[in-house]
Protein chains: 2
Amino acid sequence: MSEHVPNAPKPETSQAETVASELTLAIHQHRVLPGTKLGEDDLAEIYGVSRTIIRAALQSLAHHQLVEIRRNRGAFVAQPSIREAHEVFEARVLLEPGVARRAAERTKPDDLALLQRHIQDEHAALASGDRGAALHLSGLFHIEIARIADHETLAGFVEILIARSSLIIALYWRRESALCEKHAHHALLEALRSGDGVAAEELMHSHLVDLHSALDLRERPKPARSLKEALTAPDTGL
Amino acid sequence: MSEHVPNAPKPETSQAETVASELTLAIHQHRVLPGTKLGEDDLAEIYGVSRTIIRAALQSLAHHQLVEIRRNRGAFVAQPSIREAHEVFEARVLLEPGVARRAAERTKPDDLALLQRHIQDEHAALASGDRGAALHLSGLFHIEIARIADHETLAGFVEILIARSSLIIALYWRRESALCEKHAHHALLEALRSGDGVAAEELMHSHLVDLHSALDLRERPKPARSLKEALTAPDTGL
DNA sequence: GTACACAAATTTGTATACAATGATGTGCTC
DNA sequence: GAGCACATCATTGTATACAAATTTGTGTAC
């Protein structure tokens with residue numbers, strides 16, 4: 001039958017999904033930055049698979065708007081515009097508070113333990129200076145809440161929005177403001193623990209508004225990095 | 001080998017996108033029903049392209065949850081469960097009223113004309129007995145409103161939800177209730193014309209609640225059709 | 001020295017070949 | 001005749017080969 005072994009000789013998940021997951025993780029953790037070109041041959045060699053697999057993975061990421069595929073040009077890590085950044089956080093403000101309320105009404109003990117660990121891990125990552133990992137875990141916290149809400153459709157949307165948020169934070173995060181989500185997440189956890197849906201809804205709302213306002217979304221060209229793209233656009237004046 | 005597409009001297013859009021669009025349309029119009037197997041070789045021959053293209057198109061539809069890909073088994077038109085059906089309409093009730101309000105605040109004269117034509121076409125299709133085409137146009141009406149709202153992120157979600165709604169209607173539509181959306185759509189159009197966001201929001205809300213309640217979502221096995229799948233599952237008792 | 005034009009090299013787009021997995025059919029055992 | 005084992009077939013999964021397009025490099029004209 002099917003025993004859940006990590007390095008199984010018989011992959012239950014397709015190779016394309018594996019590559020897509022790894023790439024997604026790398027983008028979430030800001031190991032590859034927006035604008036980076038993702039050449040098919042390079043990736044094929046890195047992951048030891050053929051371009052067929054890489055292509056499928058890249059298409060998957062493109063559907064999640066994590067990469068942009070330009071015909072005959074290749075795949076690049078997406079660079080959300082200021083407008084897109086606003087859209088994403090507006091959508092999150094619209095969706096996630098309701099999801100949090102739903103989650104508060106359905107939280108089980110195991111869920112609380114998992115969320116608690118997420119917060120711990122996030123804190124540990126921050127303490128060790130790994131901002132990328134902390135950011136990733138911070139996103140996972142929100143995704144976990146969506147999962148607890150037990151609404152796959154909304155959870156899928158939330159997942160997409162959080163993935164794009166990671167790109168937006170990479171591009172527009174205001175350096176001086178600390179990435180201190182510990183308090184907000186802890187308060188949310190407590191609201192979930194007590195089953196207080198209204199509190200969870202409000203906490204999530206203010207948390208997201210905070211995040212949105214912590215971005216520097218004034219008019220400026222996107223910091224297109226790497227290659228000549230960084231040089232064909234005017235400097236940000238930093 | 002390419003004599004299928006009439007006028008495509010220089011394809012600006014990739015062949016995979018073309019195939020995906022055609023398949024999506026066919027599903028929206030209920031020309032292929034939920035549960036239908038979409039064999040790669042068959043599709044490759046039909047559209048006159050290689051399996052590579054077909055595969056990319058099917059993956060695209062799978063991302064939109066219009067088809068389900070089972071490893072080593074192939075692609076099948078998705079059969080949303082009752083639970084998924086509820087989820088989809090819950091999500092639509094959550095998202096679309098706000099989108100309609102936004103749209104009312106941004107409607108331009110050209111948009112009104114376009115919506116008017118959609119309603120006309122839908123009515124004409126219904127009169128000629130082409131329920132599939134009418135259903136498709138009905139969905140396009142909602143998508144058009146999302147486009148007018150000028151929020152690409154939300155519009156993308158709405159598009160996905162409407163695509164899935166088409167499958168849900170194919171599976172669970174209550175036969176006796178007429179597919180009479182003309183009044184609701186016309187009322188919405190008028191609200192948009194007068195720029196009354198609150199009215200548009202409320203009209204959209206009640207319209208969606210109506211649609212949801214017009215489905216027969218009582219417990220029953222999914223009508224898996226075609227091939228032996230229809231025989232391995234208990235009959236719907238119809 | 002700059003700008004344009006052309007050629008080489010790299011990279012993506014598509015088709016096809018082969019391998020692997022699941023489905024089907026046949027024959028043997030009991 | 002029922003049930004299982006194995007061979008055969010069909011279909012999907014993956015790799016590779018080739019075509020098309022873009023980018024890079026070089027040479028020449030002015």
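Lettering of chains follows the sequences in order, A, B, ..., and the numbering in each one begins at 1.
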Could you give the [atom1]-to-[atom2] distance, from [X] to [N], as a whole number of Å?
X: B/I69; N: D/dT12; atom1: CD1; atom2: P; value: 10 Å
X: B/I54; N: D/dG13; atom1: CD1; atom2: C1'; value: 16 Å
X: B/Q59; N: D/dT14; atom1: CD; atom2: P; value: 10 Å
X: A/E45; N: C/dT11; atom1: CD; atom2: C1'; value: 15 Å
X: A/R55; N: D/dG13; atom1: CZ; atom2: P; value: 17 Å
X: A/E40; N: C/dT11; atom1: CD; atom2: P; value: 11 Å
X: A/E68; N: C/dT12; atom1: CD; atom2: P; value: 15 Å
X: B/F76; N: C/dG22; atom1: CZ; atom2: C1'; value: 11 Å

Is any side-chain nitrogen or oxygen of [X] closer than 4.0 Å to OP1 or OP2 of [N]?
X: A/R73; N: C/dG13; answer: no
X: A/R71; N: D/dA21; answer: no
X: A/Q15; N: D/dG13; answer: no
X: B/T52; N: C/dT14; answer: no
X: A/K37; N: C/dT12; answer: yes

Legend entry - Any side-chain donor near an acceptor of the partner, B/S81 and B/E84, under 3.5 Å: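 Yes, B/E84 and B/S81 have a side-chain donor paired with an acceptor closer than 3.5 Å.
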Legend entry - Carboxylate-amine/guanidinium proximity below 4.0 Å for A/R83 and B/D150: yes
Legend entry - Check ion pair B/D111-B/R147 (N to O, under 4.0 angstrom):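 Answer for the salt bridge query: yes.
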Legend entry - Residue A/E45 excluded, over 12 heavy atoms near CD under 6.0 Å: no
Legend entry - Test of ring centre spacing under 6.0 Å for A/H212 and A/H86: yes
Legend entry - Residue mapping more 5' on DNA chain D - nearest nucleotide basis, B/D42 or A/N72: B/D42
Legend entry - Pairwise 5' ranking along DNA chain D for B/A75 and A/V49, keeping only the more 5' one: B/A75
Legend entry - Heavy-atom donor-acceptor pair, A/R51 side-chain to C/dG13 base, under 3.5 Å: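 Indeed, a donor on one side and an acceptor on the other fall under 3.5 Å apart.
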